[in-house]
Amino acid sequence: DVKVTQSSRYLVKRTGEKVFLECVQDMDHENMFWYRQDPGLGLRLIYFSYDVKMKEKGDIPEGYSVSREKKERFSLILESASTNQTSMYLCASNRGGGLDTQYFGPGTRLTVL
Amino acid sequence: GESVGLHLPTLSVQEGDNSIINCAYSNSASDYFIWYKQESGKGPQFIIDIRSNMDKRQGQRVTVLLNKTVKHLSLQIAATQPGDSAVYFCAENPMDSSYKLIFGSGTRLLVRP
């Protein structure tokens with residue numbers, strides 16, 4: 001079974017803080033993804049990585065950065081958290097090569113005060 | 001699928017009945033489709049997928065039907081159980097992208113005991 005884990009289920013941070021969200025997958029997947037999920041807006045892609053140290057912007061990258069130093073780990077960084085970044089953050093991974101489902105982690109609910 | 005606002009469509013079924021959840025997808029060039037189940041507070045869980053060269057695929061208690069003529073996807077759940085209560089959403093993979101998924105906003109399934 002594919003397993004995608006996220007470092008925290010719930011996180012509360014203050015405006016202006018630097019926030020790190022970590023994601024680890026154990027299936028040697030090439031691709032990893034960070035999404036945010038908000039009511040009425042569905043899942044929106046923030047960033048995508050197709051290999052170690054490689055990344056591509058998704059639909060809403062502003063205010064975020066990512067890091068992929070090892071194949072199994074993909075980090076999402078909020079350089080200076082803002083209240084509009086309060087959301088559910090979901091990490092996903094897949095093998096790559098097209099026509100392949102994405103497997104999701106349990107999510108991190110981030111609240112920025 | 002497009003976002004439909006803050007309030008998800010809801011399907012309420014009696015335990016033991018069959019459920020049919022529908023999804024209208026947006027891109028006629030999409031060649032791969034996935035159904036996900038998301039329980040409250042959890043990440044989306046893969047249920048079943050289908051490629052555009054098929055019109056039906058069956059899993060355990062679930063069947064996905066694809067009608068490319070009208071860009072419509074449905075998920076049928078046989079003998080619905082209380083554990084099936086969740087939000088279900090479809091995702092499509094546009095043919096011009098090897099990784100991007102476009103997610104629908106979802107349908108909430110409530111199973112009455």
Side-chain angles (χ1 to χ4, degrees), chain A residues 1-10 21 23-25 27 29-51 54-60 74 87-110, chain B residues 1-10 23-26 29-54 57 59 62 64 66 73 75 86-108:
Chain A
D1 272 358
V2 176
K3 191 153 187 193
V4 181
T5 57
Q6 294 182 229
S7 51
S8 305
R9 293 300 307 276
Y10 300 94
L21 302 182
C23 174
V24 178
Q25 50 91 6
M27 286 303 292
H29 283 173
E30 301 295 326
N31 297 338
M32 296 187 75
F33 308 82
W34 275 106
Y35 294 90
R36 62 178 284 177
Q37 185 178 34
D38 301 287
L41 298 176
L43 279 107
R44 293 180 291 167
L45 181 64
I46 304 171
Y47 264 99
F48 154 63
S49 170
Y50 53 91
D51 201 350
M54 306 304 288
K55 62 186 180 185
E56 280 192 22
K57 292 180 180 179
D59 300 319
I60 51 163
F74 192 34
S87 187
M88 169 71 102
Y89 288 88
L90 290 160
C91 176
S93 71
N94 70 4
R95 285 191 308 264
L99 302 187
D100 184 31
T101 194
Q102 293 179 19
Y103 296 91
F104 285 85
T108 296
R109 184 161 294 282
L110 172 67
Chain B
E2 294 178 305
S3 296
V4 294
L6 291 175
H7 300 288
L8 293 175
T10 298
C23 176
Y25 63 90
S26 57
S30 292
D31 56 358
Y32 178 59
F33 305 88
I34 308 161
W35 276 103
Y36 287 96
K37 170 187 180 185
Q38 188 173 21
E39 296 173 274
S40 182
K42 296 184 179 180
Q45 175 187 359
F46 169 82
I47 303 172
I48 192 168
D49 58 2
I50 188 168
R51 301 193 178 190
S52 59
N53 60 354
M54 304 170 69
R57 189 162 188 225
V62 294
V64 55
L66 175 63
L73 198 63
L75 177 71
V87 174
Y88 291 81
F89 54 91
C90 64
E92 58 183 299
N93 177 212
M95 196 181 288
D96 60 351
S97 171
S98 62
Y99 70 89
K100 189 177 180 70
L101 290 179
I102 301 172
F103 293 90
S105 54
T107 297
R108 188 180 307 279

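Chain naming here is simple, since letters A, B, ... match the order of the sequence lines and numbering starts at 1 in each.
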Is it the backbone or the side chain of [X] that comes under 4.5 Å from a heavy atom of chain B, or both, or neither?
X: R9(A); value: side chain
X: D59(A); value: side chain
X: Y50(A); value: neither
X: E56(A); value: side chain

**Contacts of R109(A) that satisfy side chain to side chain donor-acceptor pair (under 3.5 Å) - sequence neighbours left out** =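 Listed in chain order: nothing, the list is empty.
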**Message:** Within the structure provided, determine whether L90(A) and Q38(B) are in side-chain contact (heavy-atom separation under 4.5 Å).
**Reply:**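 Side-chain contact under 4.5 Å: yes.
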**Request:** Mind telling me whether Y36(B) and F46(B) have parallel, tilted or perpendicular rings, with 30° and 60° as the class edges?
**Result:**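 F46(B) and Y36(B): perpendicular rings.
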**Asked** With a 4.5 angstrom heavy-atom cut-off, which part of F89(B) approaches chain A: side chain, backbone, both or neither?
**Response**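 Interface part for F89(B): side chain.
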**Asked** In this structure, which one of E30(A), H29(A), K3(A) forms a side chain to side chain donor-acceptor pair (under 3.5 Å) with S93(A)?
**Response**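 When side chain to side chain donor-acceptor pair (under 3.5 Å) is applied between S93(A) and each of E30(A), H29(A), K3(A), only H29(A) qualifies.
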**Asked** Any chance CZ of R44(A) has more than 12 other-residue heavy atoms, nucleotides or ligands included, within less than 6.0 Å?
**Response**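 Yes, because the 6.0 Å sphere around CZ of R44(A) holds more than 12 heavy atoms from other groups.
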